[in-house]
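Below is one structure; the comments refer to it alone.
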There are 2 protein chains.
Amino acid sequence: MSTPIRPHPPETRSRILDAAEVLFVEHGFEATSMRMITSRAGVNLAAVNYHFGSKDALIQEIFRRRLTELNRQRLAALDKLEAEAGGATLKPSHIVEAFFGTALALAADTEHGGHTFMRLLGRTYTEPNTFVRQFLAEEYAEVLERFLGALYRALPDVPREEILWRFHFMMGAMSYAIAGTDALQLFAGNFDDADPARLMPRLMSFLLGGLRAPLPDHAELEKQRRGGREAA
Amino acid sequence: MSTPIRPHPPETRSRILDAAEVLFVEHGFEATSMRMITSRAGVNLAAVNYHFGSKDALIQEIFRRRLTELNRQRLAALDKLEAEAGGATLKPSHIVEAFFGTALALAADTEHGGHTFMRLLGRTYTEPNTFVRQFLAEEYAEVLERFLGALYRALPDVPREEILWRFHFMMGAMSYAIAGTDALQLFAGNFDDADPARLMPRLMSFLLGGLRAPLPDHAELEKQRRGGREAA
DNA sequence: GTCTATAATCTGATAGAC
DNA sequence: GTCTATCAGATTATAGAC
């Protein structure tokens, strides 16, 4: 039988992935050349094409290896919540924590590139019409369906479109939260508390406040029209 | 005397700016070549260097012409609020509307490229270490000082760092809100309400809910330590 | 698997005629 | 101000030796 764990893993692959991740978040996809990547990784220029086929395939692999694991954790967290609830409706705060807390935990990992990747992900999410967008949509499909469904059930009085928008707003806040430690410094000289351990409760308070905010007028009207019992 | 208004304005300049704005938001700065810009603008390849000097100078000019006007409107809105209040403390919701409402109004302008630019701005804000970041910091310095100061006075019980973070989160939510009409479609097939007129109240409710959310534990403790009168 | 050398293309910028 | 032609350099990707 072949050994399932190789004694000398092909570290060239992961060296390239790690180097590319850092360079992509620093300079963007297009501005990062193969030469920059291979030079930083300490491997030969031709190694990227040998191991991944092309620059685009390398980009895809960067997202695939991280997102598969992140979304697996998210689904596991949601599974756990639903098992504990045993059929009862979940609390919105728990759903939000399962989705965004997992991501923030990854972003707090500065040792193994989790922080780097989450910055990259947050930026890519609203980025140009690259092939990455299509790829992200596929990777996120199942997770979003599960979490949005859970929120719809947890907040039956809130119009679904309102939940969808607020979920989107929350992703924006999270994206800036993760990028923020660097970005805030720029125009806030008096900014001195970038402790990542405090970021989690900070962001969670904000997200839940936004999610549970009073509905805007037109949504409030729609809610009543659907049979809510708010004061006339 | 020379005529202050030219009968035949040099529209080449603005044609280049408009074309570049669209291409930059679609493909990013690096992936957009001079040839793409001049081709779309219908001008000669050499025109960019003649009118702006370099590609980087063109990028700066794109931000300058829009940001100067946007921030002028923001400061005017804040001036008006303070004049009406006559020394009294402003309402947080009014401050937020003056800052984010102005931006959202520009983003609602799809006719003259306002929407395009605001998408570009939202992305650039968390982007690589380009020269644009430094430029943004300078353009934003005065506006941020004024608006943050107003929020500090409007919310004296909230630690300033907490306000700073929440302001940052709000910018993230707005950025995604503006980009969202396109981004949401990707993984939300059931999404059919992209009416920009409804985006404003949607976002404002969310932002204010987040801004006024209960403070996270450590911030709550700090508030009490500073002399707040919350229950022990 | 790793390397060198190179093909084929694209880039920003400029010189100089009009 | 606009145009053509072109420079000098960088880009991805690959062919082929080791």
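Letters go in sequence order (proteins before strands), and every chain restarts at 1.
A tilted orientation is assigned to the rings of A/F100 and A/F167, their planes being inclined by 30° to 60°.
Distance, B/K55 NZ to C/dT11 P: 9 Å, rounded to whole Å. A/F52 places its CZ atom 13 Å from the P atom of D/dA13, with the value rounded to the nearest Å. B/I16 places its CD1 atom 11 Å from the P atom of D/dG1, with the value rounded to the nearest Å. Between A/Y50 atom OH and C/dT2 atom P the separation is 7 Å, expressed in whole Å. One atom, CG of B/N49, and another, P of C/dT14, lie 6 Å apart when rounded to the nearest Å. Remark: C1' of C/dG1 and CZ of A/R13 are 14 Å apart, rounded to the nearest angstrom. Distance, B/I59 CD1 to C/dG12 P: 10 Å, rounded to whole Å.
In this model, the phosphate group of D/dT11 is approached by a side-chain N or O of A/S33 to a distance below 4.0 Å at OP1 or OP2. Checking the phosphate oxygens (OP1, OP2) of C/dT4, a side-chain nitrogen or oxygen of A/N44 falls inside 4.0 Å. Considering only side-chain N and O atoms, A/T12 lies nowhere under 4.0 angstrom from the phosphate OP1 or OP2 of C/dG1.
Both A/A46 and A/A31 lie near DNA chain D, and the one whose nearest nucleotide falls closer to the 5' end is A/A31.
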**OP:** Apply side chain to side chain donor-acceptor pair (under 3.5 Å) to the pair A/Y140 and A/R74, showing each step before the final yes or no.
**Re:** CA-CA 11 Å; A/Y140 263 103; A/R74 281 168 161 163; 3.3 Å; yes

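Between B/E26 and B/R119 there is no salt bridge, since no side-chain N of the basic residue sits under 4.0 Å from a carboxylate O of the acidic one.
Across B/I178 and B/H115, no two heavy atoms sit closer than the pair O-CE1, 3.4 Å.
No contact: B/T38 has no heavy atom under 4.0 Å from any strand.
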